[in-house]
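Reviewing the structure listed below.
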Amino acid sequence: MPESVQPGPVPVLPWWERAFGREYLEVYAHRDDASAEREVAGMVARLRTAPGPVLDAGCGNGRHLAQLRRAGLTACGIDLSAHLLQVAERRAECRGHLVRGDMRQPCVSGGFGAVLFLFTAFGYFDDQANAAMLEQWASCLAPGGWVLLDLPDPHALQRGFKPVSRRVLASGHEVHEQRRLDGGRVIKDITYRGERWSESVRIYAPEEIARMGHAAGLTLAETWPSLCSPTHHEGRHAHWLRREPLQGRLK
């Protein structure tokens, strides 16, 4: 009689592979096309002067990418989530301009005028991996190109920190979120429709971003309090990092 084979342990996915599935768009339904339109309207003047096409890194369901292309910019998106890319592909503006890939391993050619990490799409990994990823994307920029990191303002986060929150969505389902601060990261445990998963993002202060950018050959030119404008406060830090133009000076 053959020996029975005992099943091995179920592999645990990294949080970023589990979190961006079907439930994501329901839990974050408030991050909608209308907010993306306002944010792109704030960025578009600078992006129009960028020395090449725009890449939306971690483009998700394409809500920002669609607005970028609608504004007349040459833009494409990259994301690891097959589900979110399928949703993005339904948008006429995004169709044919999407790539599936890991942001730590750029699989696109260089010469970009801007690489955008919107809605906290930067900080998923440990400090070494985050810095290496920034350096790789910096090398994909044309001279004078931009990296935009849209992150939480650490001080605003601390002031408004809520360890526990509950909210009921339009569907009638409740989202229960538990948050904690651990080693410079915000860790959020989410329970929704009987499923539970976590998110874990490194929160960087502006001086840390400046140092990391410098190591990647980028200069922190400005930090806005929101994507919408340099004067509209939303508890965010929109860090504009620039690769030196060929003439060696910032405009």
Side-chain angles (χ1 to χ4, degrees), residues 13-37 39-40 43 47 50 52-71 73-126 129-141 145-152 188 190 192 195 197-202 227 236 238-239 241:
L13 293 175
W15 76 261
W16 57 86
E17 292 189 27
R18 167 62 185 89
F20 299 107
R22 295 184 179 278
E23 303 94 343
Y24 176 81
L25 295 179
E26 298 177 33
V27 170
Y28 291 101
H30 55 291
R31 302 292 185 176
D32 56 11
D33 288 9
S35 61
E37 183 177 7
E39 290 160 354
V40 169
M43 298 183 279
L47 295 178
V54 176
L55 177 72
D56 185 357
C59 65
N61 72 342
R63 64 192 183 98
H64 287 102
L65 178 59
Q67 297 297 333
L68 291 166
R69 295 190 59 80
R70 194 172 293 168
L73 296 171
T74 301
C76 59
I78 182 172
D79 204 285
L80 185 61
S81 169
H83 174 68
L84 294 183
L85 287 174
Q86 287 173 0
V87 176
E89 191 71 26
R90 298 174 196 160
R91 300 177 185 267
E93 299 91 345
C94 298
R95 199 169 301 131
H97 303 286
L98 299 163
V99 175
R100 188 177 185 213
D102 189 318
M103 292 191 297
R104 292 168 295 180
Q105 301 168 346
C107 56
V108 292
S109 58
F112 284 100
V115 178
L116 315 179
F117 293 86
L118 307 177
F119 188 29
T120 321
F122 183 85
Y124 293 178
F125 317 114
D126 62 28
N130 289 331
M133 183 178 75
L134 182 61
E135 186 173 354
Q136 288 191 72
W137 284 111
S139 70
C140 293
L141 291 175
W146 297 93
V147 169
L148 174 59
L149 304 179
D150 167 35
L151 305 173
K188 184 184 340 182
I190 302 169
Y192 176 65
E195 296 287 332
W197 66 94
S198 297
E199 300 172 359
S200 174
V201 177
R202 174 71 157 87
L227 289 174
R236 306 290 296 177
H239 299 292
L241 299 113

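Note that these values count all heavy atoms, side chains included, but never hydrogens, waters or copies made by symmetry. None of these values were measured; they are calculated from a predicted model.
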Is there any salt bridge (Lys or Arg N to Asp or Glu O under 4.0 Å) pair reaching into [range], and which pairs are they, with sequence neighbours excluded?
| range | answer |
| --- | --- |
| residues 60-70 | R70-E93 |
| residues 102-117 | D102-R104 |
| residues 73-92 | D33-R91 |

How would you list, by chain and number, every residue that makes a side-chain hydrogen bond (donor to acceptor under 3.5 Å, both in side chains) with [X], sequence neighbours excluded?
| X | value |
| --- | --- |
| T74 | none |
| E39 | H64 |
| D32 | S35 |

So, do [X] and [Y] sit near enough that their side-chain heavy atoms are less than 4.5 Å apart?
| X | Y | result |
| --- | --- | --- |
| F20 | L80 | no |
| L47 | L148 | no |
| C76 | V99 | no |
| L116 | L68 | yes |
| S81 | N61 | no |

Under the salt bridge (Lys or Arg N to Asp or Glu O under 4.0 Å) test, residues paired with [X] that sit two or more places apart:
| X | value |
| --- | --- |
| E195 | R18 |
| R31 | none |
| E26 | R193 |

With rounding to the nearest 0.5 angstrom, report the [atom1] to [atom2] distance, [X] to [Y].
| X | Y | atom1 | atom2 | value |
| --- | --- | --- | --- | --- |
| S198 | I190 | OG | CD1 | 7.5 Å |
| R100 | L84 | CZ | CG | 10.5 Å |
| N130 | M103 | CG | CE | 9.0 Å |

Please report the closest heavy-atom contact between [X] and [Y], naming both atoms and the distance.
| X | Y | value |
| --- | --- | --- |
| V54 | F112 | C-CD2, 4.2 Å |
| G77 | L65 | N-CD2, 3.7 Å |
| A50 | G113 | CB-O, 3.5 Å |
| V201 | F122 | CG1-O, 3.9 Å |
| E17 | L13 | OE1-CD2, 3.6 Å |
| P53 | G111 | CD-O, 3.6 Å |

(request) State which residues pass side-chain contact (heavy atoms from CB on, under 4.5 Å) with A121; sequence neighbours excluded, sorted by chain then number. (result) F117, Y124

(request) For W197, check ring-ring contact (aromatic ring centres under 6.0 Å, His included) against everything at least two apart and list the hits. (result) none

(request) For F119, enumerate each residue passing the ring-ring contact (aromatic ring centres under 6.0 Å, His included) test, keeping only those at least two apart in sequence or located in another chain. (result) Y28

(request) Mark yes or no for whether D150, through its side chain, and A238, through its backbone, hold a donor-acceptor pair below 3.5 Å. (result) no

(message) Using a 3.5 Å distance criterion without hydrogens, assess whether the side chain of W16 forms a donor-acceptor pair with backbone atoms of F125.
(response) no

